Amino acid sequence: MKKYILKTHGCKSNQLESAVIKEKLENAGYAEAKKIDEADYFILNSCSVTENADNEALRTVRHAKKQNDKIITIVTGCSAQLKAKELIKHNFIDIVLGNNDKFEIIEAIKNYQSKVTDIFEVKEFNNQVIHNYSNTRGYLKIQDGCNNYCSYCTIPFARGKSRSNSIENIIDQIKYYTDIGIKEVVLTGIHIGQWGEDLASYKNLAYLLEEIEKTEIKRYRLGSLNTIEINDKLLDFLSQSEKFCPHFHLSLQSLNNKILKLMNRHYSSESCMELMEKIDEKFQKPFIGSDLIVGFPNETDEDFEDTMTKAQNSKLSNIHVFPYSIRKNTKAALMDNQINEKVKNNRAAIMHKIAQEKFTEFKNKNIGLITDVLIEKRPDKKTGFLKGVTSNYLTVLINNNDKTLHNQIRKAKITEIKKNTGDIFAELL
């Protein structure tokens, strides 16, 4: 029996697609290896959101080949799609598969052949059903690709134009998840707010969510959303739902209007601040996360301070901070006034500190909150504590060793935040 090791870098879509690859391998008779020297194949599902991600992909595969020089290495994902010709030249990479070709991995292995389809020739959503999902939360890809072409981003070139999964496929996957006992589904994609735009009878995300509400899934969660895709009608609908988890991840990128315009983002910082206020008013202790890029070309100290001050004064619960990374073939790479690495890293460090302060502040606001918790992990062998996730996306520890509570949704009260570790404790009601 041939054995494999599968590694995943990057976003939730990549993680979900790796689950599909794993299922295909195991259905074809391949077994997962525990050690690199036992494996016949090393597969990396790569990310290319930054230059560091591309470099990490190379380091990961090179290290695998160094540990086992007989192993067959396969690189797929966004880095493979964007840099196929460069990757295949490396003597430590044997096979390269594009983003739409990764699902043909069995044929690629049998034929020892690379395949990278022009992603812009892919017109339809490539639906892949998952049967062997074992987690308490099921991820469901509703969309792929992006039509935005932000000035800093190569993702449209790696993922192609926006393509929507059908309502029928989505509902069928949710029904399957429900049948095998999964309590929560997470809707993911590259730009889920664009779901439905390419369908013959135009629908939008709100319409899809109305259909999901009719299923038997206990709760659902949304991936990242562009702020202009969240209107009052959608917020009113979600605020009245008993299944929606009050967890928003907003793709902000900056809170300075000059920088937003240079990024080709079609909204203002004021509209973002107003939206976060609305979300905070309509939902009970909503988690509002975001991505922010610092050190973008032409970002002055004043521009950065503007974003920093607004972030501090916003309703954000947490922030993912990224120093701007130059990406070839993007408009931002050609802009004047590129910021040097030292300044970018200094700004990132400042924003990271703000992110930590915002998250600590949010956690403390939740003390005393009574909320639903999905028990995701059985009692820890050392502590005996259960681990669960609240509807508003906080990981909590529960002093209870009842194994039968695994994969159950229970009411709990958040009681304490440990100052030295930041751990959140809750008790079942």
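Predicted model only: the values in this text are computed from it and were never measured.
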Checking [Y] against [X]: is there a side-chain donor and acceptor pair closer than 3.5 Å?
| X | Y | result |
| --- | --- | --- |
| Ser18 | Thr8 | yes |
| Thr371 | Thr390 | no |
| Asn256 | Thr307 | no |
| Ser164 | Glu197 | no |
| Thr73 | Asp94 | yes |
| Lys141 | Gln128 | no |
| Asn298 | Asn337 | yes |
| Asp423 | Thr421 | yes |
| Gln253 | Ser251 | yes |
| His131 | Glu23 | yes |

With no hydrogens and no angle check, is any side-chain donor or acceptor of [X] less than 3.5 Å from a backbone partner on [Y]?
| X | Y | result |
| --- | --- | --- |
| Asn364 | Thr360 | yes |
| Ser241 | Leu238 | no |
| Glu184 | Arg137 | no |
| Ser114 | Val96 | yes |
| Lys358 | Gln312 | yes |
| Lys3 | Tyr41 | no |
| Asn231 | Leu234 | yes |
| Asn318 | Phe359 | no |
| Glu299 | Gly295 | yes |

Nearest non-hydrogen partners of [X] and [Y], listed with the distance:
| X | Y | value |
| --- | --- | --- |
| Gly193 | Glu229 | CA-OE1, 3.2 Å |
| Leu82 | Thr154 | CD1-OG1, 3.5 Å |
| Ile71 | Ala64 | CG2-O, 4.1 Å |
| Ala80 | Leu97 | CB-O, 3.4 Å |
| Ala333 | Tyr324 | N-OH, 3.6 Å |
| Cys245 | Ser391 | CB-O, 3.1 Å |

Between [X] and [Y], ring centroids under 6.0 Å:
| X | Y | answer |
| --- | --- | --- |
| Phe287 | Tyr393 | yes |
| Phe244 | Phe237 | no |
| Tyr4 | Tyr30 | no |

Could you grab the distance from atom [atom1] of [X] to atom [atom2] of [Y], nearest 0.5 Å is fine?
| X | Y | atom1 | atom2 | answer |
| --- | --- | --- | --- | --- |
| Asn165 | Asn127 | CG | CG | 4.5 Å |
| Lys110 | Ile105 | NZ | CD1 | 12.5 Å |
| Ile326 | Glu341 | CD1 | CD | 7.0 Å |

Could you tell me whether the side chain of [Y] reaches within less than 4.5 Å of the side chain of [X], counting heavy atoms only?
| X | Y | value |
| --- | --- | --- |
| Ile170 | Leu140 | yes |
| Lys183 | Thr136 | no |
| Phe296 | Lys344 | no |
| Lys315 | Met273 | no |
| Lys123 | Glu121 | no |

Checking side chain to side chain contact (heavy atoms under 4.5 Å, CB included) against [X], which of [options] comes through?
| X | options | value |
| --- | --- | --- |
| Val373 | Val396, Val389, Thr395 | Val396 |
| Lys310 | Glu305, Glu270, Met276 | Glu270 |
| Asn45 | Lys7, His9, Lys102 | Lys102 |
| Ile288 | Ile319, Leu275, Leu316, Leu252 | Leu316 |

Check each of Asn226, Asp144, Asn148 against Gln194 using the side chain to side chain donor-acceptor pair (under 3.5 Å) test, and report the only one that passes.
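Filter result, single survivor: Asn148.
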More than 12 foreign heavy atoms under 6.0 Å from [atom1] of [X]: is that the case here?
| X | atom1 | value |
| --- | --- | --- |
| Glu51 | CD | no |
| Glu124 | CD | no |
| Lys161 | NZ | no |
| Lys377 | NZ | no |
| Asn329 | CG | no |
| Lys363 | NZ | yes |

Within 45° of the ring axis of Tyr207 and under 6.0 Å from its six-membered ring centre, is that where the NZ or CZ of Lys203 lies?
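Cation-pi check for Lys203 and Tyr207: passes.
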Could you walk me through whether Asn392 and Phe362 satisfy the side-chain contact (heavy atoms from CB on, under 4.5 Å) test, starting with their C-alpha distance in whole Å, then the side-chain angles of each, then the deciding distance to 0.1 Å, before giving a yes or no?
CA-CA 11 Å; Asn392 66 342; Phe362 178 70; 3.7 Å; yes
With sequence neighbours excluded, what pairs up with Phe304 under the ring-ring contact (aromatic ring centres under 6.0 Å, His included) test?
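Counting only residues at least two positions away or on another chain, Phe304 forms no ring-ring contact (aromatic ring centres under 6.0 Å, His included).
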Does His352 have any ring-ring contact (aromatic ring centres under 6.0 Å, His included) partners at least two apart in sequence or in another chain, and if so, which?
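Residues passing ring-ring contact (aromatic ring centres under 6.0 Å, His included) with His352: none at all.
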Between Glu17 and Arg159, is a salt bridge (charged side-chain N to carboxylate O under 4.0 Å, His left out) present by the stated rule, with each step listed?
CA-CA 13 Å; Glu17 289 164 357; Arg159 288 283 181 170; 2.8 Å; yes
Please list all pairs meeting salt bridge (charged side-chain N to carboxylate O under 4.0 Å, His left out) that have one or both residues in residues 318-332, counting only residues at least two apart or in different chains.
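As it turns out, the salt bridge (charged side-chain N to carboxylate O under 4.0 Å, His left out) pairs with a partner in residues 318-332, which skip direct neighbours, are Asp54-Arg327.
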Going through the checks in order, is the salt bridge (charged side-chain N to carboxylate O under 4.0 Å, His left out) test met by Lys115 and Glu104?
CA-CA 9 Å; Lys115 183 180 179 183; Glu104 300 175 30; 3.0 Å; yes
Evaluate the criterion side-chain contact (heavy atoms from CB on, under 4.5 Å) for residue pair Asp40 and Ile72; output intermediate values, then yes/no.
CA-CA 6 Å; Asp40 301 287; Ile72 303 300; over 6 Å; no
